[in-house]
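See below for the structure under consideration.
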Amino acid sequence: MSDTQPKPRASFQAPKGTRDLYPADAAKRRFITEAWRSASVRFGFDEIDGPTFEQLDLYTVKSGEGIISELFSFRRAGGDDDYALRPEFTPTLARMYAAQAKQLPRPTKWFMAGPFFRAERPQRGRLREFLQWNADFLGLDVPDDAPEEARLTARARADAEVISCCIGFLRELGLTSSDIRVKVNHRHALSLWLSSRNIDPSRHVELFSLLDAKGKLKPEEFAAKLAAFGFTMQQAEIFQKGLIRVTVDTAPGAPNDDVLDLTFFSEAVAPLVKALTSAGVLDWIDFDLSIVRGLAYYTGMVFEVHEAGGKERAIAGGGRYDGLVELFGGPSTPAVGFGMGDVVLSLVLEDRGLMPSGPALIARTGSRPDAFVISNGTPEASAQIAPVVAALRAAGLHARHSYKATGNIGKLLKDAASCAARFAVIVESSTHATLKSLDDGSQHPDIPLIELVKRLG
RNA sequence: GUGGCCAUAGCUCAGUUGGCAGAGCACCGGGUUGUGAUCCCGGUUGUCGCGGGUUCGAGUCCCGUUGGCCACCCCA
């Protein structure tokens with residue numbers, strides 16, 4: 001050993017806010033990503049992906065210089081370009097769409113799922129490295145010169161389709177509309193409604209931030225600030241609760257209308273409500289005027305998905321961002337999408353008992369062995385384990401065997417059960433085996449070894 | 001970036017005013033019952049997160065550091 005050899009270091013730890021995934025954890029991650037993929041494909045989205053790091057400037061275009069402290073950014077030794085690990089997908093998406101916009105179909109529906117990185121202090125539901133699923137609907141299914149009314153309903157259809165895909169995924173995992181609420185608002189509709197109350201458009205953004213901050217203010221403070229916009233105490237309470245009833249027929253929704261005349265808002269969101277109804281997901285939806293989402297680039301519908309008890313951070317969030325593709329150098333393109341992280345989602349699934357584990361998880365992730373081959377303990381049977389396993393694998397089957405020295409059949413069957421094998425093959429002689437189904441316990445003796453592939457296939 | 005709590009076996013944790021490093025589970029081996037719950041016996045695993053300091057002596061007290069949990073900030 002030379003003097004330059006580094007000394008062994010006693011202990012390394014995973015970097016702050018990252019996770020080591022042992023087999024049980026990796027299987028849970030696969031369970032989630034497979035479900036994301038399955039829902040996306042079912043709703044007609046095509047998979048894409050981009051680099052996990054981009055030019056630093058790509059992120060400041062949209063979010064300003066302030067974003068830099070939240071990024072993991074770096075410069076190659078000796079180079080002079082600044083890069084950043086991707087903290088979100090939307091800039092990459094906008095860049096990719098802009099680059100090929102002329103040849104892409106309308107609409108273009110894309111999804112991706114992969115790792116993202118944010119230099120934040122970790123806490124419950126928030127890590128520095130996490131997975132995020134993104135689904136986006138770019139362009140509309142009507143011509144650019146279609147009447148404005150047609151374009152409005154086309155936007156509402158796209159908005160509803162994106163929300164439906166998100167809900168379709170949650171449903172597939174066994175969550176219901178009483179576990180999860182999808183809180184929806186509409187920035188444009190909100191603005192129309194505020195204007196109808198003679199609130200000048202120049203003050204709308206200020207009011208949006210006030211609504212966004214309601215959870216952090218004392219009720220009296222919140223009401224006092226709302227009073228500056230002409231709202232009464234009673235009306236402030238409705239904002240405080242968040243929940244606004246909007247009905248399908250756009251009729252004034254009782255009981256809110258007794259104190260808040262929401263006619264303008266209701267009319268503006270009517271096409272969205274209609275599209276959500278057609279998609280069969282309206283029972284998951286709460287309209288909530290206080291959901292504005294921090295980002296300045298949202299232009300229409302915005303939504304957040306929350307655990308019904310309101311205990312966790314948002315499971316997902318998204319909305320319409322019609323100006324963003326243009327900002328990245330593409331043609332003016334209506335677009336709507338959302339992102340969902342794996343961290344809060346996992347907390348909710350674990351809490352509701354919907355995260356599988358053990359053999360159930362192995363079955364869900366498609367890694368069940370077809371056969372677990374054991375010997376009855378005689379030398380001639382033991383000698384057949386390697387060739388039988390090899391033959392099964394050569395036939396494309398998933399075959400395993402025990403690495404234990406014991407001849408205890410009970411212990412070996414326990415091993416077979418713990419890896420969730422479909423069948424145990426108990427080799428009895430140099431030519432025959434017993435086939436045992438580990439699902440129903442049934443046994444078939446005297447199976448010739450050469451017939452195993454046929455019996456298991 | 002700010003604050004509080006925490007770090008002992010692979011996991012969950014106990015460890016007395018500072019005095020020989022522990023339990024359960026898991027894992028491995030052996031035995032009994034030719035069949036997945038079992039039962040009995042035995043065994044491996046630790047720079048007590050890391051680095052300093054005080055002390056005859058530190059898992060225990062002090063300082064620093066790294067990481068975790070929680071809240072603030074932020075949330076694309």
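Each chain gets a letter, A, B and so on, in the order its sequence line appears, and its residues count up from 1. Values below: all heavy atoms of this structure, side chains included; hydrogens, waters and symmetry mates excluded.
- Of the residues in residues 124-140 of chain A, those lying under 4.0 Å from RNA chain B by heavy-atom distance are A:Arg124, A:Arg126.
- Annotation for A:Arg42: atom CZ counts as buried by contact number, over 12 foreign heavy atoms lying within 6.0 Å.
- Sequence order on RNA chain B of the closest nucleotides to A:Ile409 and A:Tyr403 puts A:Tyr403 first from the 5' end.
- Between the CG atom of A:Leu412 and the P atom of B:U32 there is a distance of 15 Å, given to the nearest Å.
- A ring-centre distance under 6.0 Å is found for A:Phe239 and A:Phe231.
- Out of B:C75, B:G36, B:G67, the shortest distance to the side chain of A:Leu413 is found at B:G36.
- A salt bridge is absent between A:Lys214 and A:Asp212; no separation between the charged side-chain nitrogens and carboxylate oxygens falls under 4.0 Å.
- Rounded to a whole Å, the CG atom of A:Asp20 is 11 Å from the P atom of B:G68.
- Phosphate proximity of B:A71 to A:Gln123: present, with a side-chain N or O under 4.0 Å from OP1 or OP2.
- Heavy atoms only, all atoms of each residue included: A:Ser191 and A:Phe208 are closest at OG-CZ, 3.9 Å.
- The distance between atom NZ of A:Lys16 and atom C1' of B:A7, rounded to the nearest whole Å, is 15 Å.
- Taking the C1' atom of each, B:G49 and B:G10 are spaced 16 Å apart, rounded to whole Å.
- Between the base of B:G29 and the side chain of A:Lys411 there is no donor-acceptor pair shorter than 3.5 Å.
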Once Watson-Crick and G-U wobble pairs under 3.5 Å are found, how is RNA chain B written in dot-bracket notation, 5' to 3', with | for any base paired to another strand? (((((((..((((.....[..)))).(((((.......))))).....(((((..]....))))))))))))....

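- Taking atom OH of A:Tyr297 as the reference point, atom P of B:C75 lies 12 Å away to the nearest angstrom.
- RNA chain B lies under 4.0 Å from at least one heavy atom of each of the following residues of residues 424-452 of chain A: A:Ile426, A:Glu428, A:Lys436, A:Ser437, A:Leu438, A:Gly441, A:Gln443.
- The ring of A:Phe43 has its center no closer than 6.0 angstrom to the ring center of A:Phe111.
- Between the CG atom of A:Asn408 and the P atom of B:C28 there is a distance of 13 Å, given to the nearest Å.
- At most 12 heavy atoms of other shown residues, nucleotides or ligands fall within 6.0 angstrom of atom CZ in A:Arg364.
- Checked against the 6.0 Å centroid threshold, A:Trp133 and A:Phe338 count as a close aromatic pair.
- In this structure, A:Gly318 reaches neither bases nor backbone, as no heavy-atom distance under 4.0 Å exists between it and the strands shown.
- Minimum atom distance to the side chain of A:Arg121 is reached by B:A71, of the listed B:A37, B:G68, B:A71.
- Each of A:Pro15 and A:Arg313 was matched to the nucleotide of RNA chain B holding its nearest heavy atom; the match closer to the 5' end belongs to A:Pro15.
- Listed nucleotides: B:G34, B:U38, B:C28. Nearest to the side chain of A:Asn376: B:G34.
- Distance, A:Glu120 CD to B:C73 P: 13 Å, rounded to whole Å.
- In this entry the distance linking CD of A:Glu70 with P of B:C73 reads 13 Å, nearest Å.
- Rounded to whole Å, the P atom of B:C56 lies 22 Å from the corresponding atom of B:U17.
- When ring centroids are compared, A:Phe117 and A:Phe72 stay outside the 6.0 Å threshold.
- Between A:Phe423 atom CZ and B:G36 atom P there is a gap of 18 Å when expressed in whole angstrom units.
- Applying the side chain to side chain donor-acceptor pair (under 3.5 Å) test between A:Glu304 and each of A:Arg313, A:Lys183, A:Arg293 identifies A:Arg293 as the sole match.
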